[in-house]
Amino acid sequence: MSQSPLPESWNHHLGEEFDSAYMRDLRGFLAAEKAAHKIIYPHSSNWFRAFELTPLDEVRVVILGQDPYHGPNQAHGLCFSVRPGVPTPPSLQNIYKELAVDVGTTPVGHGFLEQWARQGVMLLNSVLTVEQGNAGSHRNRGWETFTDRAIQVINEQCEGVVFLLWGSYAQKKANFVDRQKHLVLHAPHPSPLSAHRGFFGQRHFSQANAFLASRERGEIDWQLPASVA
């Protein structure tokens, strides 16, 4: 991790975080994990991928996840998204099902969501790293403080953002968002354990587009390409 690996739009508001005590502790922890030959996902070049693909001034939708996927070749810095060629995880399959019913998209055979990120959908995990095969292993090491601050910056600096908060963890993390400025939508998590408790049928995607259109911010094209390289 360099002094600040963030693109300029984010660095202006978050760059000083990299000089903080919690971030120094986090860097030390990650260095020790690497020194112990533990495999960390995603690769360090993708830790801040969500920030690289979605500049602050282009954020239109925020979707919050918890941890990166901890299996080989899955995580690449965007919540719910996996690399091309990797099977689509169950939660994302359920997101695709809801999209098809809500806005008429055709489900695709991959789980690569970069096209959403490039349209202003901030796909932000609360924790940005994880040890291979050890879910939640990097929680409470400092990442949450950093991503809390990122949400605060979006709340303060942006106008008319849609926050899609699925599950209690995401809802707690963004409970301070100003609902006079932004649209905040809650639902159960799309995982197979909870999707049938109310994730299906919420129509968050059409609601998001209606809100964005009302603010003259343009709609998200939720249809992903049929194939990716």
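What you see is a predicted model; the values in this text were computed from it and never measured.
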Exercise for review: I would like to know whether Leu185 and Leu165 meet side chain to side chain contact (heavy atoms under 4.5 Å, CB included); could you show each step before the answer?
Suggested key: CA-CA 6 Å; Leu185 299 177; Leu165 306 181; over 6 Å; no
Point to revise | Check against salt bridge (Lys or Arg N to Asp or Glu O under 4.0 Å), Asp25 and Arg141 | key: CA-CA 8 Å; Asp25 290 344; Arg141 294 290 185 169; over 6 Å; no
Practice item. Give the intermediate values and the outcome of side-chain hydrogen bond (donor to acceptor under 3.5 Å, both in side chains) for residues His186 and Trp166. Key: CA-CA 6 Å; His186 286 197; Trp166 301 330; over 6 Å; no
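Taking the six-membered ring for Trp and the full ring otherwise, His182 and Phe163 have centroids separated by under 6.0 Å. The six-membered or imidazole ring of Trp143 lies near that of Phe48, with a centre-to-centre distance under 6.0 Å. Aromatic pair Phe146/Phe18: centroids less than 6.0 angstrom apart.
You'll find the side chain of Cys79 stays beyond 4.5 Å of the side chain of Pro68, heavy atoms only. Using a 4.5 Å heavy-atom cutoff, the side chains of Arg60 and Val121 are not in contact. Using a 4.5 Å heavy-atom cutoff, the side chains of Lys34 and Ser44 are in contact. Within the 4.5 Å cutoff, no side-chain heavy atoms of Tyr41 are placed close to those of Glu131. The side-chain heavy atoms of Gln119 and Asp221, taken from C-beta on, include a pair separated by under 4.5 Å.
Of the inter-residue distances, the one linking Ile40 atom CD1 with Leu128 atom CG reads 12.5 Å to the nearest 0.5 angstrom. In this structure, CG on Leu123 lies 6.0 Å from CG on Leu113, to the nearest 0.5 angstrom. Interatomic distance, Tyr22 OH to Arg27 CZ, rounded to the nearest 0.5 Å: 10.0 Å. To the nearest 0.5 Å, the span separating CZ on Arg215 from CZ on Arg217 amounts to 9.0 Å. Note that CG of Leu164 is 6.5 Å distant from CZ of Phe205, once rounded to the nearest 0.5 Å. From Leu53, atom CG reaches atom NE2 of His76 across 8.5 Å, with rounding to the nearest 0.5 Å.
Shown here is Glu156, whose CD atom has more than 12 heavy atoms of other residues, nucleotides or ligands within 6.0 Å. Heavy atoms from other residues, nucleotides or ligands lying under 6.0 Å from CD of Glu16 number 12 at most.
Note: His189 and Phe80 have tilted aromatic rings, judged against thresholds of 30 and 60 degrees for the angle between ring planes.
Judged by distance alone, with hydrogens and angles left aside, the side-chain atoms of Glu144 form a donor-acceptor pair with the main-chain N or O of Asn140 at under 3.5 Å. Under the 3.5 Å distance criterion, the side-chain polar atoms of Gln115 are left unmatched by any main-chain donor or acceptor of Trp222.
Hydrophobic side-chain contacts under 4.5 Å tie Val228 into a cluster, directly or through other members, with Phe112.
The same ILVMFWY cluster, assembled from side-chain heavy atoms under 4.5 Å apart, contains both Val61 and Leu183.
A salt bridge links Arg49 and Glu114; the closest N-O separation between the charged side-chain nitrogens and carboxylate oxygens is under 4.0 Å.
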